Amino acid sequence: MNGSGSPMTRRDVLHLLGTGGGAGLLAGSGLFALSERLTAAPRQQGPILRTLQGDIAPSSLGDGAVLFHEHLSIQLGPNPSFHSDVDAMIEEARAARGDGVALMVDGGHPDMMRDLAALQRITRESGMPLIASGGYYMQRTYPPDISTKSAEQIADDLVAEARRDRLGAFGEIGQQGGTLTAGERKVHEAIALAHVRTGIPVFTHNAYSIRATDVPRDSALRQLDIYEAAGANPGNVCIGHMCCLDDPAADIATQIARRGAYVGFDRVTLNGTMPDANRVIAAMALVEAGHADKLLLSSDFYSRPALKREGGPGFAQTVTVFGPMLLAAGMPERTLTGILEDNPRRFLAFSPKE
Ligand SMILES: [Zn+2]
Ligand SMILES: [Zn+2]
């Protein structure tokens with residue numbers, strides 16, 4: 001069977017069975033256990049990306065960047081934002097495909113007025129694969145009943161909502177100031193519980209900004225503490241808006257990466273929170289510290305002038321505007337491709353549990 005007439009090793013058998021030599025089978029007790037497994041269960045499923053239109057293996061998604069934190073449907077104030085023009089969002093998503101984007105994650109949920117039906121229309125009519133998210137944003141957006149529920153009750157509801165709405169991420173999960181309120185701490189604990197139960201990846205929002213002088217530098221680390229304490233898989237956790245902290249040596253970002261979580265530089269090209277030149281310096285420092293495999297890029301799309309129809313770069317701005325800045329700063333093209341394509345596929349892929 002292996003062409004040389006020599007006996008097959010267990011690894012050869014596993015390879016032929018297409019199980020990839022999973023640790024569970026290797027730990028089994030010989031071929032009896034193996035055949036029992038074969039009749040009892042279909043081929044084991046690997047990690048998947050849960051898009052609105054179906055679960056797909058990361059390897060079967062076409063080439064291109066994956067943007068893990070954008071907004072295609074959102075309303076934070078009393079008045080509708082430009083996102084409410086669904087036809088326009090379809091056009092923008094189609095244009096982003098043409099600019100090399102393979103998949104986008106919408107970072108909204110019901111308390112940000114994200115309209116799931118709008119996302120379903122956008123993915124169907126543009127052909128852009130989309131992942132929808134769930135969760136709660138920050139203290140001021142929470143529905144009133146959050147204050148009376150326990151973390152366990154909130155997690156129960158999130159698990160049910162994730163199943164009902166085909167959610168492929170929990171995000172963005174935030175805090176409005178530099179220190180978590182009691183309610184925000186409870187929500188992060190609930191998200192961590194829901195993640196542990198389902199495997200669904202999580203990305204967060206921090207209050208860092210060049211204008212916010214009262215946000216402790218380590219507030220991102222305090223978020224990660226909550227996920228670690230709950231037993232989260234750090235490989236499916238991303239601490240977000242790290243590109244809005246003035247951290248030229250990437251000191252805080254490096255601590256996150258060392259703990260196994262992803263570092264979200266997910267407001268690139270967004271004006272008013274941190275100049276892109278500072279973001280480039282911090283990103284290069286994180287890469288030079290050996291953590292290119294933990295950096296995630298996205299643009300948190302919230303700027304009307306950035307729309308293609310307004311003459312801007314559109315949803316692909318992370319790839320077409322910020323990527324070239326990293327190359328100009330000396331990042332090898334191979335490294336940038338890994339950051340834009342491989343890292344987000346790894347972060348977003350999970351093995352569904354519940
Ligand atoms: Zn945010
Ligand atoms: Zn956002």
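Owing to the predicted nature of the structure, the values given are computational and were not obtained by experimental measurement. Position 1 is the first residue of the sequence; numbering continues from there. Atoms within each ligand, like the ligands themselves, are counted from 1 in listed order.
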| request: State the CG-CG distance between N206 and L245, to the nearest 0.5 angstrom. | output: 8.5 Å
| In H69, what N, O or S atom is nearest to the Zn ion (ligand 2), if we give its atom name? | NE2
| field | Atom of H205 nearest the Zn ion (ligand 1) (restricted to N/O/S, atom name only) | value | ND1
| query | For D342 and R345, what are the C-alpha separation, side-chain angles and deciding distance, and is it a salt bridge (charged side-chain N to carboxylate O under 4.0 Å, His left out)? | reply | CA-CA 5 Å; D342 302 339; R345 282 169 174 76; 5.5 Å; no
| request: Give a yes/no answer: is there an N/O/S atom of E172 under 2.8 Å from the Zn ion (ligand 2)? | output: yes
| request: Please find out if the Zn ion (ligand 2) and some N, O or S atom of D300 are separated by less than 2.8 Å. | output: yes
| query | Can you tell me if H71 has an N, O or S atom under 2.8 Å away from the Zn ion (ligand 2)? | reply | yes
| query | Taking H188 as the fixed residue, which of Y137, Y227, F203 is the one that meets the ring-ring contact (aromatic ring centres under 6.0 Å, His included) rule? | reply | Y227
| Roughly how far, to the nearest 0.5 Å, is CD1 of I281 from CE of M325? | 12.0 Å
| message | Rounded at 0.5 Å granularity, tell me how far CE in M112 sits from NE2 in H83. | response | 9.5 Å
| said: Looking only at N, O or S atoms in H241, which is nearest to the Zn ion (ligand 1)? | reply: NE2
